[in-house]
Amino acid sequence: MKKIFCSLFALLFLFSGVAFVAARFSDKPAEPSDAEKTMKAIWISQYDIQSVLLSRQEAEMRQMLGIIFDNCVSLGFDTVILQVRPNGDSLYPSEIFAPSAYAVGEYGDEFSYDPFAAAVELARERGLSVHAWINPLRLMKPNEIVKIDPDNILRRWYAENKYIAEHEGRLYLDPAYPEVRELIAKGALEVAKKYDIDGVHMDDYFYPHGIGENFDNASYSIYGGALSLADFRRENITKLVQSINLSLKSYSPDLVFGISPGGNLETLFNTDYADVEEWCLGGYVDYLCPQIYFGLEHETHAFDEVYLRWQSIPRSENVKLFVGMTFGKAENASMGIGDKYAGTGKNEWLDSRRVLADCLDFLKQNGEPDGIFVFCYQYFFDPVSGEKNKKTEEELDNFLPVWKDF
């Protein structure tokens, strides 16, 4: 019996050794886990899909959405960031927010079917992860909000002249009020409960640019205390971020919550009142995806310098760093439009058709981010016809070989 046991032990040792050697010297590297893979996401905005949703029967809409998602997969994307709340409205039938004009045509009209449910289903069939994208504070215009149901909470707040302020002809929620933060968090939770999504995404619409002191005089007098107006506003945005995160995580710890702020850290802190460093240290988000919409030759905010600054921000272990990129300037360049804000680098996009490929090369050589988001679908394909966007085709052809290596 002892000899048999020893023989079996020897065979097991031999097989395990062979397996170890095979694994050690195999030409094929081990596949990275999902947690190690670079997320490749594409933003699909209300402008991408409004022509697909408006005046379409459900069957036709589903066919067009299917083509959109097929094209996303063909470009190597694994995640779609789908806009659901552009202006305090909804691209799905909501119990809280009015149907969006981008989906139903006019404020006050109703859904005849659920386009977001179809979108989630069709994306899932193609193996795509789905994140619902919300703009938390930006609302409709005054002449639009009066068209929605008088019983809608935003319509009532507007009629009662509370929690809402106007800036340059558009309405915005004031995040200083607990009732506002609660409503936004409730709306984020609603979409997470209704649909099989993987996360909620919030972009860079914090306080509107250029607001003066009058925007939130009333709330500052109530809640400001000893804080300066700027610190008061930053605190309000941070409280909003915390509220959304807590709401989602309390429902499901697996739900991902991320934010895509602008790429300019000074503007974020001083003008948008977004203290991203506090969010990173506090772990209030699962990821930040700064919109680094600059070329490498930008005089004051070159892509490489901006990325390295974001990379250097101390972050809690659970906070990932993604990078947002856009093909918008490539499309502009095809029409002879340079980057007027880039100073000495204003002609970079005009002179080169591999600006974004060069940016990807830089990322590969300087610590790849955890994910890359690209804006947006219409820069690649026409949402209705499915035809390629010729204006960005050359930039995309140079981009894809590098992109596929991530």
Side-chain angles (χ1 to χ4, degrees), residues 33-35 37-46 48-50 52-53 56 58-86 89-97 99-100 102-104 111-136 184-203 243-260 285-287 289 318 320 322 370-371 373-374 376-377 383:
S33 67
D34 288 342
K37 290 180 180 177
T38 301
M39 179 188 284
K40 295 180 176 181
I42 181 170
W43 278 291
I44 300 180
S45 75
Q46 65 272 29
D48 292 316
I49 58 175
Q50 64 175 331
V52 173
L53 300 182
R56 308 281 179 190
E58 183 173 6
E60 183 182 20
M61 181 275 303
R62 290 177 66 94
Q63 182 180 17
M64 290 180 177
L65 280 180
I67 293 172
I68 287 174
F69 296 138
D70 285 338
N71 286 334
C72 290
V73 171
S74 74
L75 293 176
F77 292 105
D78 55 45
T79 303
V80 289
I81 311 298
L82 295 173
Q83 176 64 266
V84 296
R85 188 145 16 268
D89 48 12
S90 182
L91 292 172
Y92 65 88
S94 169
E95 297 296 321
I96 305 169
F97 298 96
S100 174
Y102 291 107
V104 298
F111 287 99
S112 59
Y113 58 86
D114 187 338
F116 190 65
V120 172
E121 176 192 335
L122 293 166
R124 288 293 192 200
E125 287 176 357
R126 290 155 176 82
L128 290 164
S129 178
V130 180
H131 291 213
W133 169 12
I134 63 173
N135 300 123
I184 295 169
K186 185 178 177 182
L189 182 60
E190 180 190 54
V191 69
K193 284 184 171 182
K194 280 175 68 77
Y195 303 100
D196 178 26
I197 61 173
D198 299 293
V200 172
H201 175 85
M202 172 175 151
D203 74 354
S243 295
I244 297 172
N245 187 54
L246 180 62
S247 178
L248 294 173
K249 297 300 184 186
S250 297
Y251 173 65
S252 172
D254 295 330
L255 277 169
V256 175
F257 172 51
I259 299 179
S260 180
V285 292
D286 293 302
Y287 68 80
C289 181
N318 67 302
K320 294 183 177 181
F322 298 167
D370 299 302
F373 286 21
V374 180
C376 61
Y377 181 81

When C72 is tested against each of I67, D78, V80, T79 for side chain to side chain contact (heavy atoms under 4.5 Å, CB included), which residue passes? V80

Apply the test side chain to side chain contact (heavy atoms under 4.5 Å, CB included) to residues L91 and I49: give CA-CA distance (whole Å), side-chain angles for both, the deciding distance (0.1 Å), then the verdict. CA-CA 10 Å; L91 292 172; I49 58 175; 4.2 Å; yes

Heavy atoms of other groups near K194 NZ, more than 12 under 6.0 Å: yes

Value for CG (L255) from NZ (K193), rounded to nearest 0.5 Å, stands at 11.0 Å

I'd like to know if the side chain of S247 and the backbone of S243 have a donor-acceptor N/O pair within less than 3.5 Å. no

Rounding to 0.5 Å, atoms CZ (F257) and NE2 (H201) come to a distance of 9.5 Å

How long is the straight-line distance from CD1 of I42 back to CZ of F77, given to the nearest 0.5 Å? 4.0 Å

Closest contact, heavy atoms only, D48 versus Y377: OD2-N, 3.6 Å

If you measure only the distance, is there a donor-acceptor pair under 3.5 Å linking the side chains of S100 and Q46? no

Heavy-atom pair with the smallest gap, counting every atom of M61 and V52: CG-O, 3.9 Å

Non-hydrogen side-chain atoms of Q83 and W43 separated by less than 4.5 Å: no

Start with the C-alpha gap between V200 and V191, add the side-chain angles, then the distance that decides, and say whether side chain to side chain contact (heavy atoms under 4.5 Å, CB included) holds. CA-CA 8 Å; V200 172; V191 69; 4.3 Å; yes

For Y102, ring-ring contact (aromatic ring centres under 6.0 Å, His included) partners two or more places apart: Y47

Value rounded to 0.5 Å, distance of CD1 in I259 from CG in N245: 8.5 Å

When every non-hydrogen atom of A123 is compared with those of V130, the smallest separation belongs to CB-CG2, 3.6 Å

Would you indicate whether E125, at its atom CD, is surrounded by more than 12 heavy atoms from other residues, nucleotides or ligands within a distance under 6.0 Å? yes

If you define the side chain from C-beta out and look only at heavy atoms, does anything of L82 sit under 4.5 Å from I44? yes

Residues at least two apart in sequence or cross-chain that pass salt bridge (charged side-chain N to carboxylate O under 4.0 Å, His left out) with D286, listed by chain then number, are K249

Taking every heavy atom of V73 against every heavy atom of R126, the minimum-distance pair comes out as CG2-O, 3.9 Å

Please examine the side chains of F97 and I134, heavy atoms only from C-beta on, and report whether any two atoms are closer than 4.5 Å. no

Give the intermediate values and the outcome of side chain to side chain contact (heavy atoms under 4.5 Å, CB included) for residues L248 and I244. CA-CA 6 Å; L248 294 173; I244 297 172; 3.9 Å; yes

Once you round to the nearest 0.5 Å, how far does OG of S45 lie from CD of Q50? 8.0 Å

For E190 versus S94, what's the shortest heavy-atom pair and its separation? OE1-OG, 2.7 Å

Could you tell me which non-hydrogen atom of G187 sits nearest to which non-hydrogen atom of R85, and how far apart they are? O-NH2, 3.1 Å

Can you confirm whether Q63 is buried at CD, in the sense that more than 12 heavy atoms of other residues, nucleotides or ligands lie under 6.0 Å from that atom? no

Parallel, tilted or perpendicular, judged at 30° and 60°: which one describes the rings of F322 and Y287? parallel

Rounded to the nearest 0.5 angstrom, the OH-CZ distance for Y113 and R56 is 9.0 Å

Aromatic ring pairing F116/Y92, orientation class (parallel under 30°, perpendicular over 60°, tilted between): tilted

Would H131 and D198 count as a side chain to side chain contact (heavy atoms under 4.5 Å, CB included) if you check the C-alpha gap in whole Å, the side-chain angles of each, and the deciding distance to 0.1 Å? CA-CA 6 Å; H131 291 213; D198 299 293; 3.9 Å; yes

